[in-house]
Amino acid sequence: MKQNSCNIYTSSLCQTQRKKKSESIILKRDNELYITFCEEDSFETFESDLSKITGSSFFYSIKKKFSATFISVVSVIVLMFGFISASIYEDLFKKIIFELPFPWEFSDTVSLIFVIVFFIGLVMMPSLLDGEGDEFKNILSSWFNKDVKKLKRLKLAFSLFDKKTPINLYNFDVVNNEHWVFNLLLKVLILRFNTINLYIRNDQIQSFEKKLNTLGALNIEVFKAKEISSTCDIEFLLSNKEQKLYSLMQLSSSKLLKSKDKKTFISFELFEYCGKNFFEEEKNSKHQLISGFQNFINRSFDDFKFIAQEKSQQIYFTSNSKFKDLQEEEKRLAYYLRNHIEECVSYFNNPISLLILYYYVKDIVLDEKRTILILEKFILTVEKQQQYELIDDFWFDIAGEMFDSSSIETFETTTNSFYRKLSIKSLNKLIFLFERNGYFEQAVLLAKYLYEINPNKYSVSICSLHERMGQFEKAYESLPSNLNLGKNKKPSEIEVRYFQRKAWIIVSQRKDTLKQEGLEALSSLKELIFSHNEDNEPLWLWHYYNIKANYAEWNEDYSASIKNYKKCLSIPALGAFEYGATFVNIAIAYRFKYLTSNTQKLDIINKSIKLGNLGVYLKQTVGDRDEMPVVLHNQALNLLCKILNSNNSKDSNEKLCKEIINITDDAISILDKTSSIKRLGMLLIENYIAKSILEKETSELKQRLEKHINLLDENEIKQLLELYKKFIISDKISNLEFLDKL
């Protein structure tokens, strides 16, 4: 008799009574049977667990033993009956043919009956074998088919339970239709018991209804369980494919951020991207697992309770998830992602995805521009998706707090800051995001950093931010008395470059006859870049203030020169090339200020040397071989000016001289390799002075300087002689006749 009802329950796998893979497959509790199947469970294991439930009753043992020997006994009897019937038929047939007439005896009657029965049996045998429910056919089938034997053993075992016993089946959808779970176990249970409760995955409902119909199930109903608040651990129920996807989901999470007080978010974009590209077996079939991904995601929400969603695109692991040790896989994935950063950045639109991508590659990317690319897309998507709290949760762990751009002393410590490398567009978005998160002071510092790009625009932004903080006086003071409203359109690049080049060439030569023309070019440049209301290009501003500082230096107004160089350093979104050049130049300005002051203060020349070192470092980072000799020459000159001070100790001067020799040797080597003579005369005299103070061999150096002296231009020979005479006067070096004659 078939069961009265077959109930399908979804989102209820957590209710399983089996808690570990090592536990029994079948359990009996409260007069109900609970069967939980795992992909690796075998029929033999199930039968062994079933035997423990059925116990060792005498009736069951006899039936089991009888069923095991019944087939052999019946088979032998059938064969013996066939042999006997054939022998009797042969004897009776001989008598009829060869001995007629013969006396009919009782034994002949019995023989005839055997022959008739045998004949009828042969005639009816096909019908008997094909007849429905024929036991003999089943006996013969079981003799040759192991599955039939298993089926009979299962029927026998479950016959010991009452038909009204509710049967609860968990995880039966983890295998295919050809598995013994369907062909044997489920078939027996449906035929035997009145109530079958199946606990399966949500996406398997329709396919399971078809399977149950083919097995003869009646009254199929589907129930979706309500949310269960209690925790559960059912990872052991996952199939091998699901285990693989579960590991990939963990790899696609923010777990590698190691933030104990934050939720572990998941990136489905990274999950699917890596699944289609990272696994070796999927590389040639990129769309093969897409449906599998989506099914596993749905199961992780509803069936496994691994993940939950709090906000749009913010999915996180629940306490039901148990993280694996996947360090080797993380390393492999990190190097794979490093090679596909640009592709990932264009593909990902969830800030969580970009956040995870950044942490995977941040320590193994050589070109920092690729890291900045990730962060800029992260900022863009945070604003676009309005997930503002991610800035509060993660941004400052990545970039730290914004620095005070007005303080030149902090430049050395902030030179590698992400704020100096992000685009102006991204920095503008950060101001907005800082404001949304209540980081008003950070937003003010950013606005001040961008101020030079567009004073009108950012003064209003600074005013608004102070007002938000309740600082009304500061808000009022931050507004200019009048807006500098330009009437012109933003100039073209060629217009700006024309006046830049003209003003720069004149100030570089320091020709007094062209000085006024240079100042007029500088004035025209100022009018061009400040006569419009749009954002100025950072490089335009840098060139303007750098040229202006050089004209102030030409006028020996070194304080004004330093002020304009500081303006150069306050301009955002420039590179190490521009900032490096500025530090070299400001170091020169401090050197001149030291030399021209009435009381030469060591703190001024020390500042010159410190800033010069930073300029050398920044120039070296960009591999600037063209200007490097000039940069090194100026730093050597800074050090030599300190040596001129008579208050230095002997050890201090020796240390300075060794440094001068090293940097001038490097500069001369570069010039020799590039076949250039730019500032070679100054480098030779600087190298000679340092070696003379240390009493080193200088004969070859003297000969080279003497040969080269005729190649110097007027400005360089003037500067060389001035330096040489200062050290002659201080009695630190001996005379050079060919220089004394000049």
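Below, each value reflects all heavy atoms present in this structure, side chains not excepted, and no hydrogens, waters or symmetry copies.
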Return all side-chain donor-acceptor pairs below 3.5 angstrom for residues 365-375, not counting sequence neighbours, or 'none' if the list is empty.
unit_1: Asp367; atom_1: OD1; unit_2: Lys369; atom_2: N; d: 3.1
unit_1: Glu368; atom_1: OE1; unit_2: Lys421; atom_2: NZ; d: 2.5
unit_1: Glu368; atom_1: OE2; unit_2: Lys421; atom_2: NZ; d: 3.2
unit_1: Arg370; atom_1: NE; unit_2: Glu342; atom_2: OE2; d: 2.9
unit_1: Arg370; atom_1: NH1; unit_2: Arg338; atom_2: O; d: 3.1
unit_1: Arg370; atom_1: NH2; unit_2: Arg338; atom_2: O; d: 2.8
unit_1: Arg370; atom_1: NH2; unit_2: Glu342; atom_2: OE1; d: 3.0

Does NZ or CZ of Lys262 come closer than 6.0 Å to the centre of the six-membered ring of Phe394, within 45° of the ring's axis? yes

Please identify each residue that fulfils side chain to side chain donor-acceptor pair (under 3.5 Å) with Lys566, with sequence neighbours left out. none

Apply side-chain hydrogen bond (donor to acceptor under 3.5 Å, both in side chains) to Asn240 and Glu39, showing your working. CA-CA 8 Å; Asn240 289 331; Glu39 194 173 42; 3.2 Å; yes

More than 12 heavy atoms of other residues, nucleotides or ligands under 6.0 Å from OH of Tyr476: is that the case? no

Are there more than 12 heavy atoms of other residues, nucleotides or ligands under 6.0 Å from atom CD of Glu493? yes

Return the set of residues passing side chain to side chain contact (heavy atoms under 4.5 Å, CB included) with Thr415 (not counting sequence neighbours), or none when no residue passes. Phe411, Leu618

Within a 6.0 Å radius of atom NZ on Lys448, are there more than 12 heavy atoms belonging to other residues, nucleotides or ligands? no

Kindly indicate, with the supporting measurements, whether the criterion side-chain contact (heavy atoms from CB on, under 4.5 Å) is fulfilled by Glu242 and Phe296. CA-CA 7 Å; Glu242 287 172 334; Phe296 182 75; 3.9 Å; yes

So, using ring pair (Phe, Tyr, Trp, His ring centres under 6.0 Å) as the criterion, who are the partners of Tyr545 when residues are at least two apart? none

With a 4.5 Å heavy-atom cut-off, do Ile307 and Phe317 have their side chains touching? yes

Testing the 3.5 Å rule here: is there a donor-acceptor pair between the side chains of Gln204 and Lys211? no

If you draw a 6.0 Å radius around CD in Glu40, do more than 12 non-hydrogen atoms from other residues or ligands fall strictly inside? yes

Partners passing ring pair (Phe, Tyr, Trp, His ring centres under 6.0 Å) against Tyr347 (at least two apart in sequence or in another chain): Tyr273

If you look at every heavy atom in Gln15 and Tyr170, which pair is closest and at what distance? O-OH, 3.5 Å

Note: Glu235-Lys322 ion pair, threshold 4.0 Å (strictly below): no

Exercise: do Glu209 and Asn213 side chains pair donor with acceptor under 3.5 Å: no

Output, in order, the C-alpha distance, side-chain angles, deciding distance and verdict of salt bridge (charged side-chain N to carboxylate O under 4.0 Å, His left out) for Arg436 and Glu383. CA-CA 10 Å; Arg436 293 280 72 79; Glu383 183 198 39; over 6 Å; no

Keeping the roles fixed (side chain from Asn183, backbone from Glu178), state whether a donor-acceptor pair exists under 3.5 Å. yes

Does Lys255 make a cation-pi contact with Phe323 (under 6.0 Å, within 45 degrees of the axis)? yes

Between Ser11 and Asp302, does a side-chain hydrogen bond (donor to acceptor under 3.5 Å, both in side chains) hold up when you go through it step by step? CA-CA 5 Å; Ser11 305; Asp302 299 324; 4.8 Å; no

Considering residues, nucleotides and ligands other than Lys384, do more than 12 of their heavy atoms fall under 6.0 Å from its NZ? no

Donor-acceptor pair, distance only, cut-off 3.5 Å: does the side chain of Arg29 make one with the backbone of Asn31? no

Quick check: are there more than 12 heavy atoms from other residues, nucleotides or ligands sitting under 6.0 Å from NZ of Lys331? no

Between Tyr9 and Tyr199, does the ring centre distance come in under 6.0 Å? yes

Apply side-chain contact (heavy atoms from CB on, under 4.5 Å) to the pair Phe396 and Gln442, showing each step before the final yes or no. CA-CA 11 Å; Phe396 295 105; Gln442 293 290 298; 3.7 Å; yes

If you take the centroid of each ring, where Trp contributes its six-membered ring, are Tyr246 and Phe304 closer together than 6.0 Å? no

Any Lys/Arg nitrogen of Asp173 or Arg299 sitting under 4.0 Å from an Asp/Glu carboxylate oxygen of the other? no

Note, Leu333 side chain near Glu330 side chain (heavy atom, < 4.5 Å): no

Report yes if the side chains of Tyr360 and Leu251 come closer than 4.5 Å at any heavy-atom pair, otherwise no. yes

Quick one: do Glu376 and Lys425 make a salt bridge, cutoff under 4.0 Å? no

Who passes side chain to side chain donor-acceptor pair (under 3.5 Å) against Gln314, sequence neighbours left out? Gln387, Glu389

Is it the case that the side chains of Lys305 and Thr318 hold a donor-acceptor pair, with the cut-off being a distance below 3.5 Å and no angle test? no

Answer with yes or no whether the side chains of Glu269 and Asn349 bring together a donor and an acceptor at under 3.5 Å. no

Please step through side-chain contact (heavy atoms from CB on, under 4.5 Å) for the pair Thr381 and Asn350, ending with a clear verdict. CA-CA 6 Å; Thr381 53; Asn350 184 349; over 6 Å; no

Quick check, are the ring centers of Phe172 and Phe182 under 6.0 angstrom apart? no

Establish, yes or no, whether a centroid distance under 6.0 Å links the rings of Tyr617 and Tyr579. no

If you apply the rule ring pair (Phe, Tyr, Trp, His ring centres under 6.0 Å), what do you find for Phe348 with Phe378, and how did you get there? CA-CA 9 Å; Phe348 296 160; Phe378 171 73; over 10 Å; no

